[in-house]
Amino acid sequence: MEKIECLIIGSGPAGYTAAIYAARANLNPVIIQGIQPGGQLTTTNDVENFPGYPDGITGPIMMEDLKKQAERFGTKVINGIVTNVLFSDLKGGYHKVIIDNKNEIQSKTVIISTGASAKYLGLESEKKFMGSGVSACAVCDGFFFRNQDVVVVGGGDSAAEEATYLGKLCKKVYLLVRKNKMRASKIMQKRVLETDNIDVLYNHETMEIMGDQTVHSIKVLDTINNSEKIIKATGFFLAIGHTPNTSIFKNQLDMDEVGYLVTKPDSSLTNKPGVFASGDAQDSIYRQAVTAAGSGCMAALDAERYLSEIV
Ligand code: NDP
């Protein structure tokens, strides 16, 4: 069992930024990468809105760079999943964190940056074809659907981005939007609407994903005239938002009804002393790489301040 000063859970922009700051403050941080090393950005193709990259950068390269930057200052990166936590109520007490059901680390401070995960519609057929036609990541799986017809569900920036990405690979992309408008930013909507092989179907909902071994068509409902139709498509991509990855902290940390961790105003402080929250796990509003990075920085500064108060 290892005893340390600063443990970071999650390796997205929030986690790695926290690690860079904590390492440079000599806290010798350890970061547990989690289920998706590098976080959600590793499933994003072009990041065009992170300051400092005038030509954009791919998500995986950006995350690799952040990891290198954190390691350069001495961060220890562990490939594992946190399976249990026991947070201390005492100021200065050690928090216990179990990794992969077997290894225990005790840390005086814990920075949570576990991010969020893609949402699914909850259809039986969606589960059945998971990995054989159903995906929540166009960048990961789009390649398998080259020159084929696919469906994307959602009306936000993720859906617009996924549809545009798939438009470059696939023969035809049907974008199912449940309302009569998209909520994606104007620039992303414009890209979708200007792509010839993307067909936006407003007021459409998914009823069933159909196929044998793999998907061959999607049954949809036109909610304006209440009529069903079948779209022939071999891929079904979900882009309907995310849920915070915080279930492991339930009953220990304060969270809202959706599961976003609650932090004290203008800080990363949770209800437990020495436990700090950053990134999408606590942000239901902005959810951007740059805001996650900013909150990771805040968490590391808060952890440093906390440690200097307890010695
Ligand atoms: P959002 O929550 O913004 O959008 C989710 C979309 O999915 C909405 O259009 C919603 O419809 C739709 N939806 C939700 N549930 C269902 C359902 N059961 N059936 C059909 N449609 C459904 O999530 P995003 O992931 O798109 O974006 C999250 C955040 O990340 C945003 O702040 C976004 O700006 C940002 N982002 C930025 C990117 C970039 O700048 N490159 C790329 C991707 C995301 P409705 O509108 O009807 O509620």
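Here the structure is a predicted model, which is why all the values come from computation and not from measurement. Indexing begins at 1, ligand by ligand and atom by atom, following the structure's order.
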Take L253 and V85, measure what side chain to side chain contact (heavy atoms under 4.5 Å, CB included) needs, and give me the verdict at the end. CA-CA 11 Å; L253 296 184; V85 292; over 6 Å; no

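- A donor-acceptor contact shorter than 3.5 Å links the side chain of T246 to the backbone of G259.
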Criterion salt bridge (charged side-chain N to carboxylate O under 4.0 Å, His left out) on K172 and D199, from CA distance to verdict: CA-CA 8 Å; K172 178 109 189 161; D199 209 349; 3.7 Å; yes

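- Contacts of H95 classified as ring-ring contact (aromatic ring centres under 6.0 Å, His included), with partners at least two apart in sequence or in another chain: F87.
- A search for ring-ring contact (aromatic ring centres under 6.0 Å, His included) contacts involving Y21 returns nothing, not counting sequence neighbours.
- For C297, there are no disulfide bond (SG atoms under 2.5 Å apart) partners, not counting sequence neighbours.
- The residues lining ligand 1, counting any heavy atom closer than 4.0 Å, are N49, L121, V153, G154, G155, G156, D157, S158, E161, R178, K179, R183, M188, A239, I240, G241, H242, Y286, R287, Q288.
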